[in-house]
**Student:** 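Structure in structure tokens, see below.
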Amino acid sequence: MADKAVPMSDLSPLDVLRAKCAEPLPHPDAESLRVACQAVADFVVADFTTLSQRGTGHIATRSEMERLLREPPPEQGADFAKVLDEYFAKIAPNATRSNHPRFLAFVPGAPSFYSVLGDWLCAGTNVFAGVWKEAAAAAQVEILVLDWFKTFLGYPYEAMGLLTSGGSEANLTALVVARERLPFDDRLFAVLYTSEHRHWSLDRAVKIIGMHPDQIRALPADEDGRLRVDLLKDAIAHDRLNGRIPWAVVANAGATNTGSVDPLAELADICAAENLWLHADAAYGWPMVLTEDGRRAMAGIDRADSITLDPHKWFGQTFDAGCLMVRRGDALPETFAMRPEYMQDVTPENAEVNFADHGIALTRRFRALKIWLSLKCLGVDWFRHLVQQNCDLAELSQRLLEQAGTFEIMSRHQLSIVCFRYVPPGGNWSEADLDALNLRINDELRRTGQAFLSTTKIRGRVAQRMCYVNWRSTAADVEKIVAWLAEIGARLSRPGRAS
Ligand SMILES: Cc1ncc(COP(=O)(O)O)c(C=O)c1O
């Protein structure tokens with residue numbers, strides 16, 4: 001042990017190194033950390049419990065944000081309380097809140113507080129959830145959560161999966177597993193069939209795995225947005241005749257645009273007959289399987305070879321939490337497991353599971369913890385009611401819009417999504433003018449900071465869209481939004497205001 005009284009110059013090189021590394025780096029003590037935690041906890045709890053009474057949040061411009069935050073990297077640290085004040089003043093108010101009950105755009109997320117707490121425990125302990133021998137409990141909790149999902153989906157015992165950063169990673173991972181069945185020489189001739197209403201993460205996944213965009217057949221959907229089985233059969237036959245290799249079908253089980261569910265059972269029959277991989281993208285829609293109506297809508301999902309589920313969408317989880325389930329679970333390690341020398345100590349034995357062998361990431365957060373915690377604390381029944389209430393809110397929205405007399409329903413409510421547009425009474429509006437009007441109504445509503453809806457296109461025309469996934473949303477929120485839309489629509493379409 002180096003004597004502190006001895007000048008450094010008199011120490012041996014070995015003792016100099018010992019002296020240099022004698023202490024850990026400075027870090028706040030337990031009491032200061034408790035004070036810091038309390039300040040964060042006070043803010044988060046207040047924010048969480050008063051969100052409904054506040055707006056959806058301010059959308060700042062890039063120049064506003066540059067002015068607020070631009071600075072060189074600080075060489076010396078500042079007091080946590082001061083930095084937190086800066087967060088309160090500059091950062092927190094300038095983010096739209098997708099967990100607000102009147103944020104109905106895209107597919108929002110609205111975690112329960114148990115998920116928030118689980119995420120905090122995950123960050124606080126920073127457990128490495130990649131290999132069994134580093135964190136057996138993390139792997140076992142993930143196995144358990146995936147088994148619960150299997151039960152919900154009616155998936156067999158031999159199915160397996162992994163939690164991912166989201167639906168995009170899950171879809172990509174599914175395609176990599178599905179492609180593994182193709183000999184290398186066949187890969188450029190392979191064709192994937194899907195609907196025009198697929199999520200674009202699929203196109204990106206195809207790009208990432210090095211396939212050509214024309215290897216996707218995006219088939220027209222029927223009036224309800226469902227993949228047409230007759231067109232699929234024709235396309236497969238046509239491709240076979242032309243020397244292509246039909247490879248996979250990606251079905252929507254809750255399309256992002258309209259909530260439509262493709263005819264999964266019929267698709268499973270075709271895939272079985274044609275030896276194609278069936279992947280169900282249920283990133284948004286999967287919690288429907290918790291309800292009786294939903295199980296009917298999703299009939300056949302248990303026959304898919306793989307399923308994407310996104311617990312951070314309609315399952316009350318913080319970002320991020322996605323999931324891929326694969327019917328023949330062994331296909332995951334067969335596709336992804338690698339055994340470099342520097343990982344030789346953590347080779348799984350005796351039914352241990354290395355989740356790093358199931359997908360793209362080696363270092364993984366302990367995502368299963370927040371899902372386990374919220375399911376244990378809330379029970380499946382809470383989630384079943386969440387799904388039911390959100391579907392009811394979509395139906396209520398449709399009825400109120402119809403009752404108002406100034407809206408046209410563009411896509412009737414499916415799952416918890418409804419699409420519509422404002423149509424001024426008695427007016428002679430062209431389709432292009434209605435498109436422009438609806439974009440302006442949507443923009444103006446968003447700017448009020450009271451509600452946030454997104455727009456899309458249905459049959460080529462602009463539609464406004466409501467997607468419910470939030471346990472906070474109520475009938476009163478729907479009534480307000482419909483009244484605001486009607487008021488803004490009437491004002492913007494008055495004579496002299498037409499675009
Ligand atoms: C059907 C569907 N699939 C995939 C995704 C992508 O999921 P993520 O945003 O979690 O990557 C989404 C996102 O909205 C989706 O709706």
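Order of appearance sets the numbers: ligands from 1, and atoms from 1 within every ligand.
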**Student:** Starting from atom 1 (C) of ligand 1, what is the nearest protein heavy atom, named by residue and atom, and what distance separates them?
**Tutor:**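 Heavy-atom neighbour on the protein nearest atom 1 (C) of ligand 1: T256 OG1, 3.3 Å.
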**Student:** Does E169 reach ligand 1 with a nitrogen or oxygen that is under 3.5 Å from one of the ligand's nitrogen or oxygen atoms?
**Tutor:**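 There is no such contact.
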**Student:** Among all residues two or more places apart in sequence or in another chain, which pass the ring pair (Phe, Tyr, Trp, His ring centres under 6.0 Å) test with F420?
**Tutor:**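 For F420 the ring pair (Phe, Tyr, Trp, His ring centres under 6.0 Å) partners, ignoring immediate neighbours, are F407.
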**Student:** Can you report which non-hydrogen protein atom sits closest to atom 3 (N) of ligand 1, along with the distance?
**Tutor:**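 Minimum-distance protein heavy atom for atom 3 (N) of ligand 1 reads D281 OD2, 2.7 Å.
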**Student:** For the pair E334 and R328, find out whether any cationic side-chain nitrogen is under 4.0 Å from an anionic carboxylate oxygen.
**Tutor:**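 Looking at R328 together with E334, the answer is yes, because their closest N to O distance falls below 4.0 Å.
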**Student:** Identify, by atom number and element, the atoms of ligand 1 in contact range of D310, meaning under 4.0 Å from any of its heavy atoms.
**Tutor:**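 Numbered from 1, ligand 1 contributes 7 (O), 8 (P), 10 (O).
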**Student:** Between D262 and H197, do the side chains contain a donor N or O and an acceptor N or O under 3.5 Å apart?
**Tutor:**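 Side-chain D/A pair, H197 to D262: absent.
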**Student:** With respect to Y284, determine whether any N or O atom, backbone or side chain, lies less than 3.5 Å from an N or O atom of ligand 1.
**Tutor:**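 No; the residue has no nitrogen or oxygen that sits under 3.5 Å from a nitrogen or oxygen of the ligand.
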**Student:** Run down the list H197, H312, K313, H199 and name the one with the heavy atom closest to atom 7 (O) of ligand 1.
**Tutor:**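 Ranked by closest heavy atom to atom 7 (O) of ligand 1, first place is K313.
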**Student:** Based purely on interatomic distance, does S165 place a nitrogen or oxygen under 3.5 Å from a nitrogen or oxygen of ligand 1?
**Tutor:**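 So ligand 1 has no N or O lying under 3.5 Å from an N or O of S165.
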**Student:** Does one side chain, of W277 or S306, offer a donor that lies under 3.5 Å from an acceptor on the other?
**Tutor:**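 On atom types as modelled, these side chains qualify, holding a pair under 3.5 Å.
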**Student:** Please classify the N171 to ligand 1 contact at 4.0 Å (heavy-atom distances, strictly less than): side chain, backbone, both or neither.
**Tutor:**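 Looking at N171 and ligand 1, just side chain atoms fall under 4.0 Å.
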**Student:** Would you check the N or O atoms of S201, main chain and side chain alike, for any that come under 3.5 Å of an N or O of ligand 1?
**Tutor:**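 It does not: no N or O of S201 is found under 3.5 Å from an N or O of ligand 1.
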**Student:** So, the side chain of T151 versus the backbone of D147: is there a donor-acceptor pair under 3.5 Å, distance only?
**Tutor:**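 Yes, T151 side chain to D147 backbone: donor-acceptor pair under 3.5 Å.
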**Student:** Step through the shown structure and confirm whether more than 12 heavy atoms of other residues, nucleotides or ligands are within 6.0 Å of CZ on R447.
**Tutor:**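 At most 12 heavy atoms, drawn from other residues, nucleotides or ligands, come within 6.0 Å of this atom.
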**Student:** Is there a side chain to side chain donor-acceptor pair (under 3.5 Å) between E142 and H358? Walk through the geometry before answering.
**Tutor:** CA-CA 12 Å; E142 189 157 345; H358 285 200; over 6 Å; no
**Student:** Answer yes or no: does an N/O atom from G167 fall short of 3.5 Å to an N/O atom of ligand 1?
**Tutor:**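 Yes: some nitrogen or oxygen of G167 is under 3.5 Å from one in ligand 1.
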**Student:** Can you report which non-hydrogen protein atom sits closest to atom 11 (O) of ligand 1, along with the distance?
**Tutor:**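 So the nearest neighbour among protein heavy atoms is S168 OG, 2.6 Å.
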**Student:** Can you list every salt bridge (Lys or Arg N to Asp or Glu O under 4.0 Å) pair that touches residues 271-290, not counting sequence neighbours?
**Tutor:**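 Matches after skipping sequence neighbours: R240-E274.
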